[in-house]
Amino acid sequence: MEEHDYTQRPRRHLEYPELTMYQLLARTAAQYPDAPAYEFYKRRNTYTDLMKRIERAAKAFLALGVKERDAVTICLPNIPQTVDAFYAVNRIGAVANMIHPLSAEKEISYYLTLSQSRFILTLDMFYEKVKHALCDVPQKVTILCCRIQDELPLHLKVLYILRAGRPFLQFPLAPDVDWQDWLEKKHDVRLPAIRFDAGKTAVILYSGGTTGKPKGICLSDLNFNALAIQAREAIQENFRPGLTMLSCMPMFHGFGLGINIHAVLVHGVACILMPVFNIKNYTAMLKKRHPSLIAGVPTIFEALLHAEGLKNVDLSFLVGVFCGGDSLSVDLKKKVDAFLHAHHADTQIREGYGLTECVTASCLTPKDTFREKSIGLAFPDTEYDIVKPGTDEHLPCREEGEIVLKGPTLMLGYLNDAEETGKVLRRRSDGDVWLYSGDAGYMDEDGYIYFSRRLKRLIVTNGYNVYPDLIENEIDACPGVLLSCVIGVPDQRRGEKVKAFVVLEDGEPETEEKKQEILNHIKKGVAAYALPREIEFRRELPRTLVGKVAYHKLEEEEEEKTS
C-alpha cells in the first residue's frame with residue numbers, strides 16, 4: 001500500500017431504515033405536522049396537508065386501476081400536483097416514471113413504451129403533444145390532465161388564465177381524465193399495506209448510459225432514502241426544520257427530485273416550488289421568500305451575477321448554496337463566492353458531482369473549505385476510486401483515470417437492458433459492485449476528487465444531458481441531408497450549446513430557410529432543450545483514419561474561435 005492511499009480513508013457508517021420514500025416522509029410528517037412542507041406562489045401546505053393530499057391522490061390512482069409495480073408516467077414541472085402524485089404512486093407500491101414535459105413526441109412515445117405505462121399525468125398545455133405521442137405507443141394509455149391554476153390563489157389564478165392559460169381551457173377532452181375532478185370524487189377503495197423491498201424499482205429516470213440511446217434508470221426506495229440521509233450528513237446543519245429550499249431544479253431530474261425535493265422534505269425543510277426558471281422570477285423569489293437554501297446548475301449562478309434586481313440586496317438569509325449538474329469553473333466559483341460575500345451571505349458555493357445512475361450527487365465540497373478544481377469529498381458510505389480506463393486497475397494519487405464509485409445509491413440497473421447495465425455496473429475483485437462513470441478525473445492524498453473531462457460523448461446544456469448521436473440520427477433523416485455531426489460549443493449562459501454541422505446532398509441550397517426546415521423536421525424527435533442553437537453547412541466533414549467523422553476536430557476548431 002502507498003503511504004497515502006485515498007481508498008483507505010476512515011469512513012463513518014450511517015443507518016438506513018427499511019422504509020419506503022412515503023414512509024420516511026410520513027415519519028417526518030408525524031414529527032412536524034404543522035410545519036410547512038411546500039409552498040406554491042404563497043399558498044402553503046403543512047405536512048399534515050401534504051399527507052392528506054398524497055392519500056387522496058393514491059386512492060384516485062387505485063380507482064383508475066393502478067396496481068403495485070405498475071409504471072405511472074409523470075410529465076410535469078415543479079407544481080404541487082407533481083409532489084403529491086410522486087409520493088402517491090410510491091404509497092401504493094407503483095413506479096413513478098419521471099419524464100421531461102418538454103420532451104419531443106417521439107421521446108414521450110419511447111418512454112411510455114419502454115416503461116409500459118398505462119397512465120400519464122401531464123399539464124393541459126402539453127395535452128395535445130402527449131395525445132399525438134400515443135399514436136406510436138402499443139398499449140392503451142389514459143391521459144390524466146391537470147392545470148396549474150388549480151393550485152393558485154384566486155387573484156393569481158385569474159392573472160394566469162388571462163396571460164398564459166386561456167389557450168388550454170378546452171383540455172382535457174373525453175375520454176381522458178380531468179385530474180382535479182377525479183381527485184375530488186369519493187373513491188371507495190382501500191389503500192394497500194406498504195411493503196419495503198430494497199430490490200424493487202420505485203422510480204425510473206432517464207439518461208444515456210454508455211451510448212446516446214435513452215436508458216430507463218431503475219432506482220429504489222433505498223437509493224433515494226440513502227441519498228437523503230447522506231446529503232444531510234454531508235451538508236451538516238444546513239438541512240433542518242425551519243429552513244426553506246428554493247426548488248427550481250425539475251423533478252424529472254435526479255438533482256431536482258433527489259436533493260431539491262425528497263432530501264429536504266424528509267428532514268423537515270420546506271420546498272418553495274418553482275415550475276420554470278427564469279432570472280426575473282428567480283430574483284423575485286429570492287427577494288420576497290428569503291429561502292435558506294438554493295441549489296442549481298452553473299448557468300443559474302451565472303445568471304444571478306448579472307441580475308439587475310439583486311443590486312444592493314441583502315442575501316444574509318442564505319445558509320447553503322449548492323451547485324451540480326455540470327462542472328463549476330474555477331472562475332465562476334470565485335465570482336459567485338465574491339457575489340455572496342458582497343451581499344452579506346455567510347456561505348460559499350459548494351460543488352457536488354454525481355450521475356443519475358446513483359440518483360444524483362455522491363460527493364460535495366466541505367462547508368468551510370475547498371480545494372481549487374476539486375468537486376469535494378465522497379458522501380458517507382460512498383467510496384470513490386480511480387482506475388485505468390477500460391480496466392479495473394487502481395491508479396495512484398493524482399494520476400488521471402476513470403472515476404468509479406460504490407455505495408447504497410447505485411441504481412438497480414437499466415430498464416430491460418442487461419447488456420448496458422453490465423457495462424456500467426461491474427463487480428470488482430473486492431466482491432462489490434461499482435459504477436463506472438464514463439468520466440475522467442483523479443484524487444489527491446486526502447480523498448478530494450477532481451473531475452477532468454468526459455470519456456463518453458456528451459453535451460451538457462443548462463444541466464441537461466444531450467447525446468449528439470440521437471440528434472444526428474434525426475438530422476440525417478431530413479430530406480436533402482447527406483451527413484451531420486453535432487457537438488457542444490462553449491456558451492456563457494448555458495455552459496455548452498448544441499451546434500450541428502450539416503453536409504447537404506448535391507443541389508440542395510445552403511440557406512437560412514433550409515436550416516429552419518431541418519429544425520422543423522427534427523422537433524418531433526428532439527426535445528426543445530436539445531435542439532441545435534446553431535447550424536453550419538459544410539461541403540465535407542473531417543474524418544478519422546478509419547473513416548469516422550472526427551468530431552474532436554470540430555470541437556478543437558470551435559475552441560480556437562473562443563480562445
Side-chain angles (χ1 to χ4, degrees), residues 35-36 38-42 44 78 231-249 255-256 259-261 263-265 267-274 276-352 361 364-377 463 492-493 495:
Y38 65 69
E39 64 174 79
F40 185 65
Y41 291 102
K42 297 184 180 181
R44 290 187 176 183
N78 287 11
R232 184 184 185 186
E233 191 75 11
I235 291 169
Q236 299 168 1
E237 72 273 16
N238 288 344
F239 264 24
R240 64 180 187 272
L243 300 184
T244 55
M245 165 74 86
L246 184 52
S247 301
C248 74
M249 290 299 296
F255 189 16
I259 297 294
N260 281 235
I261 300 293
V264 298
L265 280 178
H267 289 119
V269 178
C271 300
I272 303 170
L273 299 175
M274 273 192 71
V276 179
F277 171 82
N278 67 61
I279 192 57
K280 184 178 179 181
N281 288 347
Y282 196 85
T283 299
M285 286 287 196
L286 284 174
K287 290 161 66 175
K288 293 177 182 178
R289 311 313 302 159
H290 289 185
S292 319
L293 309 165
I294 58 175
V297 294
T299 51
I300 288 178
F301 297 108
E302 179 72 44
L304 274 186
L305 297 178
H306 307 290
E308 290 290 330
L310 290 180
K311 285 186 176 179
N312 303 317
V313 172
D314 186 347
L315 299 180
S316 59
F317 50 81
L318 289 174
V319 299
V321 178
F322 308 97
C323 182
D326 197 4
S327 297
L328 179 70
S329 70
V330 172
D331 182 60
L332 182 56
K333 174 174 172 53
K334 289 178 178 177
K335 287 179 179 178
V336 174
D337 284 345
F339 173 87
L340 293 171
H341 178 74
H343 289 74
H344 313 295
D346 185 22
T347 187
Q348 66 165 325
I349 185 169
R350 300 172 64 186
E351 184 177 9
L364 183 67
T365 303
K367 181 185 176 188
D368 297 317
T369 63
F370 76 96
R371 295 189 182 182
E372 195 165 285
K373 299 183 180 179
S374 172
I375 50 177
L377 295 169
Q492 189 172 19
R493 188 163 69 86

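We're numbering straight along the sequence, starting at 1. Atoms considered below: every heavy atom in the structure, side chains included; atoms not considered: hydrogens, waters and symmetry mates.
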Could you tell me whether the side chain of [Y] reaches within less than 4.5 Å of the side chain of [X], counting heavy atoms only?
{"X": "Tyr38", "Y": "Ile261", "answer": "no"}
{"X": "Met274", "Y": "Leu246", "answer": "yes"}
{"X": "Glu39", "Y": "Leu273", "answer": "no"}
{"X": "Arg240", "Y": "His267", "answer": "no"}
{"X": "Ser374", "Y": "Thr365", "answer": "no"}
{"X": "Pro366", "Y": "Leu377", "answer": "yes"}

- Item | Pairs satisfying salt bridge (charged side-chain N to carboxylate O under 4.0 Å, His left out), at least one member in residues 330-342, at least two apart |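 Only Asp331-Lys335, Lys333-Asp337, Lys334-Glu372 qualify under salt bridge (charged side-chain N to carboxylate O under 4.0 Å, His left out).
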For residues 278-286, which side-chain donor-acceptor pairs fall under 3.5 Å, sequence neighbours excluded?
residue, atom, partner, partner atom, Å
Asn278, OD1, Lys280, N, 3.2
Asn278, OD1, Asn281, N, 2.8
Thr283, OG1, Ile279, O, 2.7

- Considering non-hydrogen atoms only, spot the tightest contact between Phe277 and Cys248 and give its length.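 Looking at all heavy atoms of both residues, the shortest contact is CD1-SG, 4.4 Å.
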- Item | Minimal non-hydrogen separation, Leu328 against Cys323, with atom names |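 It is CD1-SG, 4.0 Å.
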- Report the C-alpha distance between Arg289 and Lys42 in whole Å, list the side-chain angles of each, state the deciding distance to 0.1 Å, and finish with yes or no for side chain to side chain contact (heavy atoms under 4.5 Å, CB included). CA-CA 9 Å; Arg289 311 313 302 159; Lys42 297 184 180 181; 4.2 Å; yes
- Task: Say whether, by atom type as modelled, one donor and one acceptor occur between the side chain of Asn78 and the main chain of Met249 under 3.5 angstrom.
- Result: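 Checked: pair present.
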- Does Arg350 use its side chain to pair, donor to acceptor, with the backbone of Phe322 at less than 3.5 Å?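 Checked: no pair found.
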Table please: side-chain donor-acceptor pairs of residues 300-313 below 3.5 Å, with sequence neighbours left out.
residue, atom, partner, partner atom, Å
Glu302, OE2, His306, NE2, 3.1

- Let me see the working for Val264 and Phe239 under side chain to side chain contact (heavy atoms under 4.5 Å, CB included), right down to the final yes or no. CA-CA 7 Å; Val264 298; Phe239 264 24; 3.5 Å; yes
- Message: Tell me every residue that passes salt bridge (Lys or Arg N to Asp or Glu O under 4.0 Å) with Arg371, counting only those two or more places apart in sequence or in another chain.
- Response: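 Salt bridge (Lys or Arg N to Asp or Glu O under 4.0 Å) list for Arg371, sorted by chain: Asp444, Asp446.
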Hey, can you pull the donor-acceptor pairs under 3.5 Å for the side chains in residues 290-297, sequence neighbours left out?
residue, atom, partner, partner atom, Å
His290, NE2, Lys287, O, 3.1
Ser292, OG, Thr244, N, 3.1

- Message: Pair Asn260, Met245 - check side chain to side chain contact (heavy atoms under 4.5 Å, CB included), show working.
- Response: CA-CA 7 Å; Asn260 281 235; Met245 165 74 86; 4.3 Å; yes
- Item | Counterpart residues, side-chain hydrogen bond (donor to acceptor under 3.5 Å, both in side chains), relative to Ser247 (two or more places apart) |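 Partners of Ser247 by the side-chain hydrogen bond (donor to acceptor under 3.5 Å, both in side chains) criterion come out as none, since no residue qualifies.
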- Once you round to the nearest 0.5 Å, how far does CZ of Phe317 lie from NE2 of His344?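 The distance works out to 11.5 Å.
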